[in-house]
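The structure under discussion appears below in the form of structure tokens.
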Amino acid sequence: MTNLKNLRGMVDLLPAQTLGWQKVETIALEHFSRAGLQEIRTPIIEQTELFLRGIGENTDVVGKEMYNFDDRGGRPCTLRPEGTASVARAILQHGLLNNGSQRLWYRGPMFRYERPQAGRQRQFHQIGVEFVGFASVMSDAEVISIAWEFLKEVGLSDLTLEINSLGSNEDRNIFKEKLKDWLNQRFDFLDEDSQRRINVNPLRILDSKNTSTKELLCEAPSLNDFLSKKSKTRFNYLQELLDNLNIPYKINNKLVRGLDYYSHTAFEITSEHLGSQATVCGGGRYDGLLSELGGPITPSIGWAIGMERLIILAGDKILQSKSPDVYVIHKGEKAEQLALNITCQLRSANLTTELDYSGSSFSKQFKRADKSLARWAIIIGEDEVSKGQLLMKKLRDNENKEGREEYIFLIEDLNQIINQLID
RNA sequence: GCGGGCGUCGCCAAGUGGUUAAGGCAGCGGCUUGUGGCGCCGCUAUUCGGGGGUUCGAAUCCCCUCGCUCGCCCCA
């Protein structure tokens, strides 16, 4: 074995997995097209400043998880830790909003320098949706429903949707101050992490997993009580819309997303089957992001799904590989060219075809044909070549284990025969 | 960044100081020189993540290191 290995947290997708990924990606493409979304692809490397301004310098993602480096020209660069900031940047840079609001989706690798564990890697893949330039609560509901229906279409169940409203920036700033006061009065009872966060990112303390802090927080002021009338009405209407769509949800007043740019709607879709990294989809409204990056005030909402987590939840079923329609068996020098020829013809006729060129005995080749789970075998030996014929045998007929059907036909009749025999 | 667990063939593993490192799956070959799914037979680790040390002797004990994994933090 070579001592060259992949970097920690970077994962190879082997042939046994890629089919499942392809299936999910195909479902996504179709699902999003039907919803009128267009795909956008942005570079995986950006100027570091984009993320500093977009995500927030005090977030963990920016503070300790980014892959930063200077390029040969000395420019500070970062491997993107998430997709939204890049999408926002591209929209502004190319003036896409001049053509109206944008309904977009993206997919691709993201990078965060963290300690890997179940459902968490340093290079991971997200598939995400961004509705840029939409203020209507209806867009919140539609964006959530696109995620929900997509996950259902992939076959996931036992999912929980949690929603919360972070209110407007003004609502949240008032609340932050009140919360800080309250926490400072109880400083000694907080866990170390939470103590550190009071001035940096007090909202995140609400989401603490520390048991004693959690208990203490039951009495804490709730963001909900600080929402303006307008924000409350908005949140209530979102719930009404979700009810109308029959999408079940739970309100979680402690739900605060980790990135600075969120306001109003925040949501997460979680599963109990993922271990401690339970979130499969996270998103929310980011009305302030584009203006933060120097663009116009642009109300927007989006989400991202972790592909690896999605694949874990989809389970083995989605990973099963496709078996060939036909397995081509041949023996003898004269049969080689014909076998290759027939294989290509079958593929032109849209049949999945596997060609055996081991040159081993017919018995061995049949064994492999059987193992491949092919439905049919085409056998080409010396006899067939000299007579201009092909022999075809049905392999997967559990009724007649002894006398499986065999057909002999002329090579020039190949196309007719395939149409008759195979579906 | 901090804690716990683990590293023996492609995969799953037995072995816990003493001659050639079990076994199963997968792979390859044969029984069967043109017919599969069962069965039987054979082959496949000079080596136990790597490096040092202790010992007459180490996969087994000690030290260091690397990696994996689970959890914390955080997030998808």
**Request:** Compare the aromatic ring of A/Phe362 with the six-membered base ring of B/G34 and state whether they stack according to the 5.5 Å and 30° rule.
**Result:** yes

**Message:** Nearest heavy atom decides the nucleotide; on that basis, is A/Lys364 or A/Asp383 closer to the 5' end of RNA chain B?
**Reply:** A/Lys364

**Message:** Base, sugar-phosphate or nothing for A/Ile329? Non-hydrogen atoms, less than 4.0 Å.
**Reply:** nothing

**Message:** By the 4.0 Å heavy-atom rule, please label A/Gly128 as base, sugar-phosphate, or nothing.
**Reply:** nothing

**Request:** Identify whether any heavy atom of A/Thr59 sits under 4.0 Å from a base atom; if not, whether one sits that close to sugar-phosphate; answer base, sugar-phosphate or nothing.
**Result:** nothing

**Fill in**
From the list A/Val280, A/Leu255, A/Asn252, side-chain contact (heavy atoms from CB on, under 4.5 Å) partner of A/Glu268 resolves to A/Leu255

**Message:** Students often get this wrong, so: under 4.0 angstrom with heavy atoms, is A/Ala118 touching a base, only sugar-phosphate, or nothing?
**Reply:** sugar-phosphate

**Asked** Can we call the ring centroids of A/Tyr249 and A/Phe267 under 6.0 Å apart?
**Response** no

**Prompt:** Going through the distances and angles, do A/Ile301 and A/His264 end up as a side chain to side chain contact (heavy atoms under 4.5 Å, CB included)?
**Reply:** CA-CA 10 Å; A/Ile301 181 164; A/His264 291 293; over 6 Å; no

**Request:** Give one of base, sugar-phosphate or nothing for A/Glu384, where a contact means two heavy atoms less than 4.0 Å apart.
**Result:** base

**Prompt:** Regarding A/Lys250 and A/Thr160, is there a side-chain donor-to-acceptor distance under 3.5 Å anywhere?
**Reply:** no

**Item:** side-chain N/O A/Arg8 vs B/C68 OP1/OP2, d < 4.0 Å
**Value:** yes

**Asked** Does A/Glu292 offer a backbone N or O that forms a donor-acceptor pair with the side chain of A/Arg53 under 3.5 Å?
**Response** yes

**Message:** For a quick check of understanding: with a heavy-atom distance under 4.0 Å over all strands, which category does A/Arg115 fall into, base, sugar-phosphate or nothing?
**Reply:** base

**Prompt:** Between A/Glu308 and A/Lys64, who's closer to the 5' end of RNA chain B by nearest nucleotide?
**Reply:** A/Lys64

**Asked** What string of B, S and - do you get for nucleotides 38-44 of chain B, 5' to 3', when a contact is any protein heavy atom under 4.0 Å?
**Response** -B-----

**Message:** Please classify the nucleic acid contact of A/Lys371 as base, sugar-phosphate, or nothing, using heavy-atom distances under 4.0 Å.
**Reply:** sugar-phosphate

**Asked** Taking everything shown except A/Gln47 itself, do over 12 heavy atoms lie less than 6.0 Å from its CD?
**Response** no

**Prompt:** Is there a side-chain polar atom (N or O) of A/Gln117 under 4.0 Å from OP1 or OP2 of B/G71?
**Reply:** yes

**Request:** Examine the base of B/U35 for any acceptor or donor lying under 3.5 Å from a partner atom in the side chain of A/Gln365, and report the outcome as yes or no.
**Result:** no

